[in-house]
S.K.: 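Take this structure, written in structure tokens, and hold onto it; I'll ask about it next.
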Amino acid sequence: MGDRGMINHSEVTGFTLVGFKVRPELHILLFLLFLFVYAMILLGNVGMMAIIVTDPRLNTPMYFFLGNLSFIDLFYSSVIAPKAMINFWSESKSISFAGCVTQLFLFGLFIVTEGFLLAAMAYDRFIAICNPLLYSVQMSMHLCTQLVAGSYFCGCITSVLQTSITFTLSFCSSRAIDHFYCDSRPLQRLSCSDLFIYKIITFILASFVTLPTITVIIVSYMYIVSKVLKIRSTKGRKKAFSTCSSHLGVVSVLYGAVFFMYLSPDRSPVLSKVASLCYTLVTPMLNPLIYSLRNKDVKEALKKILEKKNTIL
């Protein structure tokens, strides 16, 4: 251990984000790819929020949650993408200690919040399909606000704890993070500390996030499927399933990538980077497309806005 050199976190002034180990000429291609995806994220999520805010017909619990989902997707991708694009042109590829702490905290805050928000959206679909007559009573705006606020609270607490224990580790003399942003897993590779307690706490925090959210999602959809299968008309079943397919698609992409990233053995940094791309950039880009293309109300609201614009012009 001694020959590797140990540096206390208070002495660390910054890190180097290694990013993608490709030939220099490919950096331009990666930069353009990141720029395109980030532009799509901005356009899609800002557009979705604007549609939801401006159309009174979308003033419902489902779209209240969807607007918050777009807000979260926009901001946690913004924590990652701009810095990654800057580093494609930077020789040092450096990030300050404070910048790394901030990036890890904000990303953790938004990604955990999204997990709890997706669980709240599953519960919303459960009430809408299984108890439609009581939907407006049970899913009141007061309850929806509490669910969203609770999601942010859980995200904040989890991220504060995860960030705190990560940066109490002692880091070795090498400060090169083999990733394109500051994440806990590549950071722990740089640590000279005993990681036993750290891994136990991280596992407890991960369980606190995944177990309740996945349980709510699975149980909600078990009841939904049971209810839908009792509907006699094919048209009725198709309509019921269509209201859930977008949400299921988002859940599958996000949780699939996260599970691959954090539950698979930490042996291939390249695969970790690919998995990270899925939930840091691909998922925020796809979410507005999934909900807009498969949602009649959103398409009608967008058509209405475009018609107004053409009338003005």
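Note that the coordinates shown come from a computational prediction; the quantities given were computed from them, not determined experimentally. The first residue in the sequence is number 1, and the count goes up from there.
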S.K.: Do Asn59 and Pro56 come within less than 4.5 Å of each other through their side chains, counting heavy atoms only?
M.R.: no

S.K.: With a 4.5 Å limit on heavy-atom distance, are the side chains of Ser276 and Phe180 in contact?
M.R.: yes

S.K.: What I'd like to find out is whether the side chain of Val148 reaches to under 4.5 Å of the side chain of Phe64, using heavy atoms alone.
M.R.: yes

S.K.: Does Tyr152 share a hydrophobic cluster with Leu117, counting links as ILVMFWY side-chain heavy atoms below 4.5 Å and allowing steps through other members?
M.R.: yes

S.K.: What do you reckon, are the aromatic ring centroids of Tyr221 and His247 less than 6.0 Å apart?
M.R.: yes

S.K.: Do Met49 and Ile52 come within less than 4.5 Å of each other through their side chains, counting heavy atoms only?
M.R.: no

S.K.: Of all the heavy-atom pairs spanning Ser151 and Thr113, show the shortest one and how long it is.
M.R.: O-OG1, 3.5 Å

S.K.: Hey, does the side chain of Ser191 reach the backbone of Ser193 with a donor-acceptor pair shorter than 3.5 angstrom?
M.R.: yes

S.K.: Go through the steps for Val209 and Phe116 under the test side-chain contact (heavy atoms from CB on, under 4.5 Å), then give the verdict.
M.R.: CA-CA 8 Å; Val209 174; Phe116 280 97; 4.2 Å; yes

S.K.: With no hydrogens and no angle check, is any side-chain donor or acceptor of Ser159 less than 3.5 Å from a backbone partner on Gly155?
M.R.: no

S.K.: With a 4.5 Å limit on heavy-atom distance, are the side chains of Tyr198 and Thr166 in contact?
M.R.: yes

S.K.: Run the side-chain hydrogen bond (donor to acceptor under 3.5 Å, both in side chains) test on Thr158 and Gln162 for me, step by step, so that the C-alpha distance in whole Å, both residues' side-chain angles and the decisive distance to 0.1 Å come before the verdict.
M.R.: CA-CA 6 Å; Thr158 305; Gln162 181 65 53; over 6 Å; no

S.K.: Using 0.5 Å steps for rounding, measure from the CE atom of Met85 to the CG atom of Leu33.
M.R.: 10.5 Å

S.K.: Would Phe196 end up clustered with Phe203 when hydrophobic side chains under 4.5 Å apart are linked, directly or stepwise?
M.R.: no

S.K.: Look at the side chain of Thr213 and the backbone N and O of Thr210, then say whether any donor-acceptor pair between them is shorter than 3.5 Å.
M.R.: yes

S.K.: Tell me, with the steps shown, if His142 and Thr145 meet side-chain contact (heavy atoms from CB on, under 4.5 Å).
M.R.: CA-CA 5 Å; His142 179 66; Thr145 304; 5.8 Å; no

S.K.: Closest heavy-atom contact between Gly19 and Lys273?
M.R.: O-NZ, 2.5 Å

S.K.: Verify the cluster assignment for Leu69 and Phe75: are they in a single hydrophobic cluster under the rule of side-chain heavy atoms below 4.5 Å apart?
M.R.: yes

S.K.: Please say which of Phe71, Phe107, Tyr279, Phe110 ends up in a ring pair (Phe, Tyr, Trp, His ring centres under 6.0 Å) with Tyr76.
M.R.: Phe107

S.K.: Quick check: are there more than 12 heavy atoms from other residues, nucleotides or ligands sitting under 6.0 Å from CE of Met141?
M.R.: yes

S.K.: Can you give me the closest heavy-atom contact between Ser77 and Ile41, atom names plus distance?
M.R.: OG-CG2, 3.3 Å

S.K.: Around Asn131, counting heavy atoms of other residues, nucleotides and ligands shown, do more than 12 lie under 6.0 Å from its CG?
M.R.: yes

S.K.: If every non-hydrogen atom of Val37 is compared with every non-hydrogen atom of Met285, which pair is closest and at what distance?
M.R.: CG1-SD, 4.0 Å

S.K.: When you look at CZ of Phe31, are more than 12 heavy atoms from neighbouring residues, nucleotides or ligands closer to it than 6.0 Å?
M.R.: yes

S.K.: Should Asp183 and Arg185 count as an ion pair when the cut-off is N to O under 4.0 Å?
M.R.: no

S.K.: As an exercise, state the distance from CD1 of Ile200 to CG of Leu195, rounded to the nearest 0.5 Å.
M.R.: 11.5 Å

S.K.: Applying a strict under-4.5 Å side-chain criterion to I, L, V, M, F, W and Y, I'd like to know whether Ile201 and Ile157 cluster together.
M.R.: yes

S.K.: If you compare all heavy atoms of Ser94 against all heavy atoms of Asn87, which two are closest, and at what distance to 0.1 Å?
M.R.: O-OD1, 4.2 Å

S.K.: Quick check for you: to the nearest 0.5 Å, what is the distance between Thr280 atom OG1 and Ile80 atom CD1?
M.R.: 6.0 Å

S.K.: side-chain contact (heavy atoms from CB on, under 4.5 Å), that's the test. Do Phe15 and Leu187 meet it? Break it down for me.
M.R.: CA-CA 10 Å; Phe15 298 95; Leu187 277 167; 4.1 Å; yes

S.K.: Counting only heavy atoms not in Arg23, do more than 12 sit closer than 6.0 Å to its CZ atom?
M.R.: no

S.K.: Dump the intermediate steps for side-chain contact (heavy atoms from CB on, under 4.5 Å) on Gln103 and Ile95, then the final yes or no.
M.R.: CA-CA 10 Å; Gln103 194 175 58; Ile95 184 169; 3.8 Å; yes

S.K.: Below 6.0 angstrom between ring centroids: does that apply to Phe167 and Phe97?
M.R.: yes

S.K.: In Å, rounded to the nearest 0.5 Å, how long is the span from CG of Asn68 to CG of Leu147?
M.R.: 11.0 Å

S.K.: What closest approach, in Å, do Cys182 and Leu17 show between heavy atoms, and which atom pair accounts for it?
M.R.: N-CD2, 4.0 Å

S.K.: Report the C-alpha distance between Asp55 and Tyr63 in whole Å, list the side-chain angles of each, state the deciding distance to 0.1 Å, and finish with yes or no for side-chain hydrogen bond (donor to acceptor under 3.5 Å, both in side chains).
M.R.: CA-CA 11 Å; Asp55 196 313; Tyr63 294 106; over 6 Å; no

S.K.: I'd like to check Tyr123 versus Ile217 (side-chain heavy atoms, cut-off strictly below 4.5 Å). Are they in contact?
M.R.: no

S.K.: Flag yes if Tyr255 and Val253 sit in one hydrophobic cluster, no otherwise; membership is Ile, Leu, Val, Met, Phe, Trp, Tyr, and two members link when side-chain heavy atoms are under 4.5 Å apart.
M.R.: no

S.K.: Measure the acute angle between the ring planes of His27 and Phe88, then classify it against the limits of 30° and 60° as parallel, tilted or perpendicular.
M.R.: tilted

S.K.: Rounded to the nearest 0.5 Å, what separates atom CG in Leu286 from atom SG in Cys278?
M.R.: 9.0 Å

S.K.: A side-chain contact here means heavy atoms from C-beta on lying under 4.5 Å apart; do Met139 and Leu134 qualify?
M.R.: no

S.K.: In Å and rounded to the nearest 0.5 Å, what is the CD1 to OH distance from Ile127 to Tyr135?
M.R.: 9.0 Å

S.K.: State, yes or no, whether a side-chain contact exists between Lys21 and Asp178 at a heavy-atom distance under 4.5 Å.
M.R.: yes

S.K.: Between His179 and Ser272, is the side-chain hydrogen bond (donor to acceptor under 3.5 Å, both in side chains) condition met? List the steps.
M.R.: CA-CA 8 Å; His179 212 26; Ser272 294; over 6 Å; no

